[in-house]
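Below you'll find the structure, written out as structure tokens, and then a few comments.
Small disclaimer: the values here were computed from a predicted structure and weren't measured.
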Amino acid sequence: MRSSQRLFRRCLHLGHRRRFRFATKLIDYIRYARFCVVSLAYNSFTNSDVVIESLFEPVYWLVDHVTRWFGIVFVALVIVLTSSIVLIVYICVLPLIIQTYSTAWIYWHVSYGHWNLIMIVFHYYKATTTPPGHPSQMETDIPSVSICRKCIAHKPARTHHCSICSRCVLKMDHHCPWLNNCVGHYNHRYFFSFCLFMTMGCIYCSISSRVMFREAYSAIETYNETPPPTFTFRERLFHKCIIYLWVLCSSVALALGALTLWHAMLISRGETSIERHINKKERKRQQLIGKVFYNPYSYGRCGNWKVFFGVERKLHWLTRVALPSSHLPFGKGLTWNAPPWILNQQPCVLDI
């Protein structure tokens with residue numbers, strides 16, 4: 001009896017030992033499989049930002065493809081809206097200016113309005129048709145600071161990969177859907193000039209039509225009165241066109257004006273939109289270790305504006321900024337040495 005009990009206990013103990021060994025081996029296999037997966041996806045630079053970016057990758061993919069396919073629609077929308085405003089100005093606003101204003105004011109309105117329109121059309125056309133610049137994938141002696149993990153090619157300083165264009169862009173600022181093009185080294189000046197002159201044009205139209213807007217708005221408020229006012233179809237159409245012009249121009253002036261001021265601040269600092277976020281993080285990191293961050297691509301406020309517009313002498317402020325100009329920016333976007341006219345310049349009032 002005792003021997004059978006001992007045998008039963010020994011078998012039970014042996015069964016527990018085998019179960020324990022099985023559970024231990026199973027845990028070891030799970031740990032080994034986890035180690036293999038982690039080793040294949042290991043990255044010493046992984047942090048919370050990388051994890052969040054990876055989780056949002058499907059959202060980025062959707063936005064990139066929607067922006068890519070709707071780029072032509074956005075460009076067409078800009079052309080249609082701008083053309084409608086120009087048409088209303090020529091048909092409704094300009095005749096009233098000629099009838100009511102003095103000769104000097106008429107000459108000023110005609111001269112400024114057409115100059116502003118030419119600058120808008122020229123810079124928008126150049127911004128949409130000028131390639132932003134791409135590093136050559138055939139040359140191997142390109143001065144680069146890293147390798148693009150998507151293009152698997154050399155990536156020079158200030159170059160970033162555009163997921164919408166699927167290419168690296170020299171001195172990339174951002175991808176603009178309203179241009180259906182990237183804003184980079186060769187068309188950054190055209191983009192900013194377009195924003196500047198479009199804002200100026202919208203402000204000009206809003207101010208010039210403010211009196212007509214008040215009169216048209218007052219007339220529209222009387223449409224539902226009894227007896228109804230005796231406005232003809234042409235007069236009603238005129239009122240609605242003036243309202244449309246003033247509301248659209250005022251809205252664009254506010255939105256685009258804010259964007260223009262933002263890019264003006266970036267140009268003054270010698271940064272792009274992407275570099276603004278990168279330099280902000282780097283500035284905090286340097287501050288934590290007791291150092292001061294210095295932007296190597298900044299030449300002072302006045303120097304940054306001169307490099308951006310390609311102003312080598314004073315006459316260029318007229319010929320290259322105030323008039324249409326197709327001159328190329330300084331350098332090829334591969335290296336970023338200071339231009340000779342910046343190194344030899346006199347102290348600027350903006351830098352004091």
Looking at Phe192, Trp317, Tyr299, which hits ring pair (Phe, Tyr, Trp, His ring centres under 6.0 Å) with Trp305?
-> Phe192
Plane angle bin for Phe197 and Trp115 - parallel if under 30°, tilted between 30 and 60°, otherwise perpendicular = perpendicular
With Ser83, the side chain to side chain contact (heavy atoms under 4.5 Å, CB included) member among Ile79, Val86, Leu87, Ile85 = Ile79
For Tyr112, look at atom OH and say whether over 12 heavy atoms of other residues, nucleotides or ligands are found less than 6.0 Å away.
-> yes
Is it true that atom CZ of Arg210 has more than 12 heavy atoms of other residues, nucleotides or ligands lying nearer than 6.0 Å?
-> no
Using 30° and 60° as the class limits, which term best fits the ring planes of Phe74 and Trp178: parallel, tilted or perpendicular?
-> tilted
Identify the residue among Arg158, Lys171, Lys280 that makes a side-chain hydrogen bond (donor to acceptor under 3.5 Å, both in side chains) with Glu275.
-> Arg158
Checking ring pair (Phe, Tyr, Trp, His ring centres under 6.0 Å) against Phe191, which of His185, His123, His263 comes through?
-> His263
Looking at Tyr223, Tyr244, Tyr217, which one forms a side-chain hydrogen bond (donor to acceptor under 3.5 Å, both in side chains) with His239?
-> Tyr223
Give me the ring orientation class for Phe194 and Tyr124: parallel if the planes are under 30° apart, tilted from 30 to 60°, perpendicular past 60°.
-> tilted
Enclosure of Glu235 CD (heavy-atom neighbours >12, cutoff 6.0 Å) | yes
OG of Ser84 to CG of Leu248, rounded to nearest 0.5 Å, is 6.5 Å
Hey, do the aromatic rings of Tyr90 and His114 have their centres closer than 6.0 Å?
-> yes
His316: what forms a ring pair (Phe, Tyr, Trp, His ring centres under 6.0 Å) with it, not counting sequence neighbours?
-> none
Check step by step if side-chain hydrogen bond (donor to acceptor under 3.5 Å, both in side chains) holds for Ser268 and Asn304.
-> CA-CA 6 Å; Ser268 299; Asn304 291 332; over 6 Å; no
